[in-house]
> 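This is the structure, below, for whatever I ask next.
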2 protein chains.
Amino acid sequence: MSVNLNAAPSAPAANASLEPLKVACASCNLRELCLPVGLNSGELQKLDGLVAQRRTVPRGEHLFHNGERFEALYAVRTGFFKTCVGSEDGRDQVTGFQMAGELLGLDGISSDRHSCDAVALEDSSVCVIPYAQLEGLSREFSVLQHQFHKIMSREIVRDHGVMLLLGNMRAEERLAAFLLNLTQRLHARGFSSSSLVLRMTREEIGSYLGLKLETVSRTFSRFQDEGLMEVKQRQLRILDLAGLQALVNNSPC
Amino acid sequence: MSVNLNAAPSAPAANASLEPLKVACASCNLRELCLPVGLNSGELQKLDGLVAQRRTVPRGEHLFHNGERFEALYAVRTGFFKTCVGSEDGRDQVTGFQMAGELLGLDGISSDRHSCDAVALEDSSVCVIPYAQLEGLSREFSVLQHQFHKIMSREIVRDHGVMLLLGNMRAEERLAAFLLNLTQRLHARGFSSSSLVLRMTREEIGSYLGLKLETVSRTFSRFQDEGLMEVKQRQLRILDLAGLQALVNNSPC
DNA sequence: CGGGATATTGAATCCCGTCAAACGTAGTGG
DNA sequence: CCACTACGTTTGACGGGATTCAATATCCCG
């Protein structure tokens, strides 16, 4: 049973990947998590004029590719994405998982080209935010400007947290921290904070956390044995939140 | 000895940590690496009006602390910094090393508080860029706005690269990548790209790379044995650049 | 229903961390 | 100037946590 928030309002069209149809930011239930935070109604209207296009991305498809020309940011409306970077040799690293209300493509600003791949992990839809126009509008509205800067800064802070995780934590702590982060974000979107469906494979979790898929699987099993949670494939239920938090906070030394 | 942040701007006092003295952005030799990239002379002048203050930070002192109120960004003028984040338990992680022309404090925008510590690794000086005023000016000048966005985006891209390093690479590759990055940035600033002085300890390198100081030391020794470089304490000279690059690019598998 | 992708589990291996000792360097003050 | 100390670095031996290789189980989609 997939999470189905904000299904397209009608969309009778064939399943083209572009939809002219649109939900105004003003009436979008993600507005408090997304770019429009703090805008008044006039500003919201202007922003709406800019976000004219929506795009759906079927599961497994790319929203954009590494190296592609950067022209727009994308706000996740429904669904779930991963972003990953790759090195010259085949290795690649998942750099993040994005859910409703989160922005994709910020990495592209630096060089006018996307520097990672964005892939939908379930059928998804995004709002297309042409970047040049966003810069223009954020010169007009300082609230929008500030909110945009906050979003970029937040991404930097998040990345630093991931570095801490990758550099200092052991497998159990990494996985616990990951799950707590996931449930917290889901909770902020109105979902249960104890029961969730993993949208990604063990391998993708492992890539994000700097672990091999076998280690992720084994650690899940151990958590289950210890009564911290129930895992069955992608279905996960947290039984002992405090126990998980303790794992993250308590130094092993 | 606590950091003397933001004393009154007048304060002609002896060698306080604040200097009213100032070098115009227009005549700063870092201008092509820093915020002013692409500005015309009128715009440069406006920016100069904003960057009214310089601050010196002695080796070992903090430029800012985690949790402190965020009010300004800092552009490194001379010297060398590290930034680090810490978890509730004592562990901390170096998230970056900053040299001349690079910006510090971007993490603070997200929550109006700094979310990391910035520490000078040698006697350093920075330009203070009051953030509210920078937002104002970047609403006037789209070139400044865009350059600022590029800098933030570049930080995100860099962080993703570090994630790849921490998540996928082995000790040798991490250290090789680190050294190549360091020499490349030094080269861009007119220094030799083969000979350098490490401004940080083995422990700080290790923290950045997710390794223990002993591993860093051992790996340096191995590189030396293999004729890739000469290391003597902080003094380092690269003998086989191609060899180092090969280490980073060639998958071990 | 069947087949490919995904997940679980075990056993062996290895890279890095840990612990410990010794050395070198820099800074201080007698 | 040199002894003294604190700090950073090097190196060795050992252990452990994660990876690797491999076999099996399970799920999902057409």
Side-chain angles (χ1 to χ4, degrees), chain A residues 1-2 58-61 82 90-91 93-94 119-123 165-178 197-226 229-236 247 251-253, chain B residues 1 58-60 82 90-91 93-94 119 121-123 165-176 178 197-226 229-236 247 251-253:
Chain A
M1 192 154 317
S2 110
R59 172 184 173 150
E61 300 284 306
K82 70 169 176 180
R91 289 178 288 190
Q93 167 83 20
V94 172
V119 181
L121 296 183
E122 59 179 331
D123 292 350
L165 179 146
L166 291 172
N168 281 295
M169 295 188 178
R170 312 212 276 84
E172 286 194 351
E173 307 175 84
R174 294 186 198 188
L175 198 57
F178 170 70
V197 176
L198 298 169
R199 264 39 257 204
M200 66 297 277
T201 66
R202 302 288 189 265
E203 185 171 20
E204 286 160 340
I205 296 173
S207 173
Y208 184 55
L209 299 177
L211 303 169
K212 293 295 153 186
L213 67 96
E214 295 94 330
T215 305
V216 174
S217 178
R218 265 186 260 271
T219 308
F220 270 141
S221 300
R222 198 172 330 136
F223 282 173
Q224 189 161 232
D225 294 345
E226 290 165 357
M229 59 180 58
E230 261 173 23
V231 220
K232 197 169 181 191
Q233 302 291 130
R234 305 279 179 106
Q235 192 66 28
L236 194 148
L247 263 180
S251 158
C253 323
Chain B
M1 193 154 314
R59 173 185 173 151
K82 69 169 177 181
R91 289 178 287 189
Q93 167 83 22
V94 172
V119 181
L121 297 182
E122 58 179 332
D123 291 351
L165 180 147
L166 291 172
N168 281 296
M169 295 187 178
R170 311 207 283 88
E172 286 195 352
E173 308 175 83
R174 294 186 198 189
L175 198 56
F178 169 70
V197 176
L198 298 169
R199 252 63 232 210
M200 67 296 277
T201 66
R202 303 288 189 265
E203 185 171 20
E204 286 160 340
I205 296 173
S207 173
Y208 183 55
L209 299 177
L211 303 169
K212 293 295 154 185
L213 68 96
E214 294 95 331
T215 304
V216 173
S217 178
R218 266 186 259 272
T219 307
F220 270 141
S221 299
R222 200 173 327 137
F223 282 173
Q224 190 162 231
D225 293 346
E226 290 165 358
M229 58 180 60
E230 261 173 22
V231 219
K232 196 169 181 191
Q233 300 293 131
R234 304 279 179 105
Q235 192 65 40
L236 195 149
L247 264 180
S251 158
C253 323

> Would you kindly give the CZ-to-C1' distance between A:R199 and C:dT6, to the nearest whole Å?
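Rounded to the whole Å, the gap is 16 Å.
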> Please report the interatomic distance NZ(A:K82) to CZ(A:R199), rounded to the nearest 0.5 Å.
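Interatomic distance, A:K82 NZ to A:R199 CZ, rounded to 0.5 Å: 15.0 Å.
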> Does OP1 or OP2 of D:dT11 have a side-chain N or O of B:S221 closer than 4.0 Å?
yes
> Starting at CE of A:M229, measure out to CD of A:Q224 and round the result to the nearest 0.5 Å.
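Reported to 0.5 Å precision, the distance equals 9.0 Å.
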> In whole Å, what is the span from the CG atom of B:L198 to the P atom of D:dC7?
21 Å
> Can any side-chain N or O of A:R174 pair as donor or acceptor with the backbone N or O of A:L209 at less than 3.5 Å?
yes
> If the sugar-phosphate is the primed atoms plus P, OP1 and OP2 and the base is the rest, what is the B/S/- string for nucleotides 25-30 of chain D, using protein heavy atoms under 4.0 Å?
--S-S-
> Which whole-number value in Å describes the distance from A:D225 CG to C:dG10 P?
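Value for this atom pair: 10 Å.
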> Measure the distance from CD on B:E203 to P on D:dT9 and round it to the nearest whole Å.
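Rounded to the whole Å, the gap is 9 Å.
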> Would you mind reading off the distance between A:R202 atom CZ and C:dT9 atom C1', rounded to a whole angstrom?
13 Å
> Tell me whether the count of non-hydrogen atoms from other residues, nucleotides or ligands lying under 6.0 Å of CD in B:E122 goes above 12.
yes
> On a heavy-atom basis, which atom in A:A120 and which in A:P58 lie closest, and how many Å separate them?
CB-O, 3.7 Å
> Output a table of donor-acceptor pairs, distance under 3.5 Å, between side-chain atoms of residues 211-222 of chain A and any protein atom two or more places apart or on a different chain; print 'none' if there are none.
from: A:T219; atom 1: OG1; to: A:T215; atom 2: O; distance (Å): 2.6
from: A:S221; atom 1: OG; to: A:S217; atom 2: O; distance (Å): 3.1
from: A:R222; atom 1: NH1; to: A:E172; atom 2: OE2; distance (Å): 2.6

> When rounded to the nearest 0.5 angstrom, what distance separates CD in A:E173 from CG in A:L247?
7.5 Å
> Base, sugar-phosphate or nothing for B:S217? Non-hydrogen atoms, less than 4.0 Å.
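Answer is base: heavy atoms of B:S217 come under 4.0 Å of a base.
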> Can you check the B:N168 CG to C:dC16 P distance for me, whole Å?
13 Å
> Take the protein atom CZ of B:F223 and the nucleotide atom C1' of D:dT10, then report the distance between them rounded to whole Å.
16 Å
> Rounded to the nearest 0.5 Å, what separation is found between the CD1 atom of A:I205 and the CG atom of A:L175?
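Between atom CD1 of A:I205 and atom CG of A:L175 there are 6.5 Å.
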> Between CG of A:L121 and CE of A:M200, what distance do you get to the nearest 0.5 Å?
6.5 Å
> Given atom CZ of B:F220 and atom C1' of D:dT9, what is their separation to the nearest angstrom?
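My rounded result for the distance is 11 Å.
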> For each nucleotide in nucleotides 12-19 of chain D, reading 5' to 3', give B when a protein heavy atom comes within less than 4.0 Å of its base, S when such contact involves only the sugar-phosphate, and - otherwise.
BB----SB
